Amino acid sequence: MIYEGDVYRPPSEADSLILQLTIGCARNRCTFCTMYKDKAFRVRPIPEVLADLEEAAREIPYPIRKVFLADGDALIVKIPDLLTVLDRVFQLFPACRRVTTYGCALDVLGKSHEELCTLRAHGLEMVYLGAETGSDRILTQIKKGVTAAETAQACQKLRAAGIKTSMTLITGIGGVPRMEENAVESARLVTAARPEYLGLLTLTMNAGTELTRDCLAGRFQALSPLQILEEQKIFLEHVDSEGTVLRSNHISNYVALAGTLNRDRLPMIEQLARAIARGNLRPKQYRGL
Ligand code: SF4
């Protein structure tokens with residue numbers, strides 16, 4: 001299989017077969033994101049995708065248990081084509097336990113309940129949804145192209161179809177003036193959406209992004225490491241999402257949290273409070289992207 005450009009996948013898909021259904025991101029406007037800036041978006045022809053799968057089945061000597069559909073937004077692909085790919089995955093890899101994908105809230109909302117149920121029945125288990133923040137003001141600022149209500153609705157729609165959601169939020173994405181707003185509104189979003197999994201990332205100022213240019217020009221004030229922890233603490237103090245599995249083990253983070261809401265909210269708040277009091281942060285050499 002020859003991959004086109006840099007390929008990204010969530011940390012939990014480290015041992016998955018990555019299959020590119022699309023190249024790049026259909027939106028590609030978010031001010032903080034560098035992921036697919038070098039790729040012009042296109043949907044790959046399905047025969048090409050199927051040829052990749054057949055090659056993987058021939059060449060990979062161990063059983064494939066997980067498949068992740070890339071690039072940025074494989075859910076944009078038409079339902080009959082998605083079903084063709086899902087069916088071929090399970091024919092070629094009988095040991096495969098799950099298929100997951102990145103998805104955008106608007107592409108979920110553009111599908112009917114019946115279509116999502118069909119995708120589930122054909123093996124789509126989970127959608128990774130980059131919510132980034134629950135604040136509509138910040139969403140506009142970062143040019144995400146979606147509202148918090150649309151993201152919450154997309155999660156609810158996926159759950160109704162039996163598809164899990166793994167949501168990500170970015171601590172610090174609102175900068176210093178919107179630190180509290182990012183925490184409180186993101187908690188409100190998660191409370192409304194109740195995703196099965198939630199990943200907290202920390203804003204990383206990557207070279208060449210619009211946000212980094214704003215930061216260098218003084219138009220965006222990034223949070224200090226202790227403010228990042230403070231924002232995560234405020235988020236945890238406000239969120240109410242029974243059963244959501246929360247992780248902040250991404251390498252961008254200063255403190256690795258792991259727990260299940262709401263049961264582990266207090267221990268995680270205490271962990272952050274201790275880290276703030278002692279300045280106990282993950283060493284720089286272990287952070288980065
Ligand atoms: S954050 Fe997601 S939607 Fe935004 S440009 Fe990056 S890949 Fe595309």
Side-chain angles (χ1 to χ4, degrees), residues 3-13 16 18-44 68-77 100-111 126-155 157-158 165-175 178 182 185-186 189-190 193 195 197-215 220 222 248 250-253 288-289:
Y3 291 108
E4 195 169 319
D6 292 337
V7 176
Y8 296 88
R9 48 115 186 115
S12 46
E13 301 294 336
S16 302
I18 313 286
L19 183 68
Q20 282 180 305
L21 256 67
T22 62
I23 303 298
C25 164
R27 288 156 190 87
N28 223 359
R29 293 187 66 228
C30 301
T31 61
F32 60 90
C33 177
T34 51
M35 282 164 71
Y36 304 111
K37 292 290 188 261
D38 58 335
K39 296 183 187 181
F41 179 77
R42 67 187 170 85
V43 176
R44 290 182 73 205
F68 177 71
L69 308 179
D71 271 340
D73 187 5
L75 271 192
I76 210 166
V77 173
T100 57
T101 180
Y102 280 136
C104 164
L106 297 182
D107 292 322
V108 174
L109 295 179
K111 292 180 172 43
M126 184 159 76
V127 173
Y128 291 90
L129 210 67
E132 330 306 3
T133 172
S135 155
D136 281 338
R137 280 204 302 184
I138 301 172
L139 285 166
T140 303
Q141 191 177 294
I142 63 174
K143 303 184 180 167
K144 184 73 190 175
V146 65
T147 65
E150 286 166 336
T151 299
Q153 228 182 316
C155 289
K157 203 166 173 181
L158 286 170
T165 304
S166 180
M167 180 190 282
T168 48
L169 294 169
I170 304 181
T171 312
I173 191 72
R178 297 199 172 142
N182 191 33
E185 293 300 315
S186 296
L189 166 63
V190 172
Y197 298 94
L198 175 65
L200 299 183
L201 313 181
T202 292
L203 178 66
T204 305
M205 304 303 293
N206 291 309
T209 66
E210 192 178 333
L211 194 62
T212 299
R213 283 195 295 278
D214 283 348
C215 191
F220 178 84
S248 74
H250 188 262
I251 52 169
S252 62
N253 288 303
L289 287 173

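Counting convention: from 1, in listed order, for ligands and their atoms alike. Quantities reported herein were computed from a predicted structural model and do not represent experimental measurements.
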Contact check, side chains of F41 and I23, non-hydrogen atoms, under 4.5 Å: no

task: Run the salt-bridge test on R137 and E185 with the 4.0 Å N-O cut-off and return the result as yes or no.
output: no

task: Around atom 2 (Fe) of ligand 1, find the nearest protein heavy atom and jot down its residue, atom name and distance.
output: K144 NZ, 3.8 Å

query: Does the separation of the ring centres of Y128 and Y197 fall below 6.0 angstrom?
result: no

message: For K37, is there an ion pair with E210 - N to carboxylate O distance below 4.0 angstrom?
response: no

message: Test of understanding: with salt bridge (Lys or Arg N to Asp or Glu O under 4.0 Å), list the residues that count as partners of K39, not counting sequence neighbours.
response: D71

field: Output field: ring centroids Y36/Y8 closer than 6.0 Å
entry: yes

field: Polar protein atoms (N, O or S) that approach atom 6 (Fe) of ligand 1 to under 2.8 Å
entry: C33 SG

